[in-house]
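Quick notes on the structure that follows.
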Amino acid sequence: MSIPALVEDTLRSRAKAITVLLGIAAFFLLLATIVALVTDVPSAFTANVTVPTDRTVPSGASPIEFLVGMVYGGLAALTQFVAILVSVFITAGILPSTMERGTVELYLSKPLSRARLLTGRFVGCLAIVALTTGFFAIGMWTIIGLETGVWNPAFLSVILTATLCFAVLYTMMMVLGIATRSAASTIIVVFLFVYILAPILRNRQGWLFAISENRLYRSVMDLLYYIFPKPEEIAATANALIGGQSVSWMPVWSSVLFGAAMFAFAVFLFERKDL
Amino acid sequence: MNAILTRDLTKTYSTRSKHAVKALSGVSLEVRPGEIFGLLGPNGAGKTTFIKLLLGIIHPTGGEAHVLSARIGDVGVRKRIGYLPENHRFPPYLTGGQVLSIFGRLGGMDGAARRSRIGEMLDLVEMGRWRDTKTAKYSHGMLQRLGLAHALLNDPDLLILDEPTEGLDPVGRKRFRDLLLDLRGKGKTIFLNSHILSEVERVCDRVAILNRGRLVRSGSVREMTESEHVVVVTLAEEIPPALRRQWEAVCAPISVDGLVVTATVRDTRELNRLIDEIRQHGGLIDSVVKKKSTLEELFLEAVTENVV
Ligand SMILES: Nc1ncnc2c1ncn2[C@@H]1O[C@H](COP(=O)(O)OP(=O)(O)OP(=O)(O)O)[C@@H](O)[C@H]1O
Ligand SMILES: [Mg+2]
């Protein structure tokens, strides 16, 4: 009962941003529809292109399947990149403003535990990401399917991976938001993590290992890599699924584990706080 | 069973700077079911701190408290509590109707009952017209009215109000007082904070005065304001000057101001002796009343004597 109310509240708090995002997505969907209407993509493609042997396309794929695979791959990467970037911005202020004096009392005086309040906000933020990426991905998938006759449901996994990737990052944002009560510092730290620390850890063999050959040092770096979430690799999962390649699930479950720990820590911090 | 019961409730805020703020020290208080209880005190006395402790918004550093027989921190009991925070800020992106709908659901109210109750409460605070306007566009008093509607929404057994009449116009205040008395008639308990002592005096059954985190006085409003030992006798005719000195020697009044005599009496017997003496010395009595001090006088006295 209280979770749906909190989700509705969270969505309403970002109604304008969600509307703008859906509007932008609708614009691109419209553009794609126009392209599909004015050109006959499959025949134009088969007439002009010979299929290279590329490992992102399952062997034995027809030229048009190859094309759709390419487009899906690009769209998946783009969708997830934009979704994460934008949703971190949109959602970072939600907890700090819930915790503002005069507002937090209204929520906390209700028969609702603090853990549940956080859960409601968490689900609400995930709903924002799932809704916007879902709208765009399902739209694109439908348009491409109708135009080319190729229906690869694996593309829709971007909705899941984008939401999952955001979910893990959001648990970090919850801890930061509760500790600092500031949207700006939350955004800064999350972006530093996603665009600097995570890539460094991921490429530790190339970069970090060059610094020292010490085995302890290298083990610590490895450990850090396994502990911290792996946004890039979660996103890459969708591409692997689309391409029909084997998927490495380690980045997914290790990130989920990290997220669960962060969530618990956020609840712990929030429970103890005087508001 | 008490509506609110605290024993040695203490709260020290730890701040970044070295000195911690002791906002509440050892407050033991009892609020009985069905009464209107006022907590008074100067700015920074700890009134809001006390309320926030009761609702689990902040955690005590000492002592204990029970609300509606449940320990503070018991989330479920909040279903039966209505709370109006001081300087509350409703989410500005919600309309008045949405505020009540969302917080009503968070309060555990279900569908049909909630919907009919929302309309009722908005009408009660005369905000029906503004139901579909975002609260960002509300005036101060309108926000306060919505806050009251929100606090009353779940038909609470215990109503906790922090500065409830803040921002209300005179008509609104009058209606608010009537509302409180009406609620008390229905057996509800009301706990409120206010700086408007004339109002507190009119509606509260009992009050407590808090100063610098300590409880300095508490009791029923009537007992506190009605002084047992001081009476005011108004005369229709003065005691003739010739007898007056003699009378004063016997009765030793606090003051004689024209026709108004103020005197201390220990009991009823002494009061009657005073009246006899006035009559025997030629005074003609018009009325005798026990002296009443206003809550304001009492408050100032309690708060200043504690400063030293
Ligand atoms: N979050 C906090 N951190 C540190 N100190 C605080 C905090 N909240 C309140 N205080 C301090 O606790 C004391 C009591 O504050 P409180 O808000 O309870 O006063 P009050 O009686 O409600 O005053 P007012 O009549 O002005 O509303 C004050 O000295 C205040 O500075
Ligand atoms: Mg206060």
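Letters go in sequence order (proteins before strands), and every chain restarts at 1.
By the 4.5 Å heavy-atom criterion applied to side chains, B:Tyr93 and A:Asp9 are counted as neighbours. Between A:Leu108 and B:Leu55, the closest side-chain pair of non-hydrogen atoms is not below 4.5 Å. Side-chain atoms of A:Arg101 and B:Asn87, non-hydrogen and from C-beta on, never get closer than 4.5 Å to each other. B:Pro91 has its side chain within reach of A:Tyr107: a pair of non-hydrogen atoms, C-beta onward, lies under 4.5 Å apart.
Atom NZ of A:Lys273 sits in a crowded spot, with more than 12 heavy atoms from other residues, nucleotides or ligands closer than 6.0 Å. Within 6.0 Å of CZ in A:Arg181 there are more than 12 heavy atoms belonging to other residues, nucleotides or ligands. Within a 6.0 Å sphere centred on CH2 of B:Trp130, heavy atoms belonging to other residues, nucleotides or ligands number 12 at most. More than 12 heavy atoms of other residues, nucleotides or ligands sit less than 6.0 Å from atom CZ of A:Phe191.
Using a 4.5 Å cut-off between heavy atoms, B:Leu94 contacts chain A through its side chain alone, with no backbone atom that close. Neither the backbone nor the side chain of B:Asn154 comes within contact range of chain A; no heavy atoms are under 4.5 Å apart. Neither the backbone nor the side chain of A:Arg116 comes within contact range of chain B; no heavy atom of the residue lies under 4.5 Å from a heavy atom of that chain. Neither the backbone nor the side chain of A:Lys16 comes within less than 4.5 Å of any heavy atom in chain B.
Here the closest non-hydrogen pair linking B:His59 and A:Glu271 is NE2-O, 2.7 Å. Summarising the geometry of B:Leu106 relative to A:Leu6, their closest heavy-atom pair is CD2-CG, 3.7 Å, with the distance given to 0.1 Å. Of all heavy-atom pairs between A:Ser113 and B:Val75, the closest is N-CG1, 3.8 Å. A pairwise comparison of heavy atoms in B:Gly76 and A:Pro111 identifies O-CB, 4.2 Å as the closest pair.
A:Asp274 contributes atom CG, which lies 9.0 Å from atom OG1 of B:Thr61 (distance to the nearest 0.5 angstrom). Atom CG of residue B:Asp162 and atom CD of residue A:Glu105 lie 9.0 Å apart, to the nearest 0.5 angstrom. Here A:Lys110 contributes atom NZ and B:Ile81 contributes atom CD1; the two are 10.0 Å apart, rounded to the nearest 0.5 Å.
Most heavy-atom pairs under 4.5 Å with chain A: of the set B:Arg80, B:Gln98, B:His150, this distinction falls to B:Gln98. When each of A:Pro4, A:Ser13, A:Ser2 is scored by its heavy-atom pairs under 4.5 Å with chain B, the top score falls to A:Ser13. When each of A:Gly120, A:Ser109, A:Ser97 is scored by its heavy-atom pairs under 4.5 Å with chain B, the top score falls to A:Ser109. Among A:Thr103, A:Leu106, A:Leu112, the residue making the largest number of heavy-atom pairs under 4.5 Å with chain B is A:Leu106.
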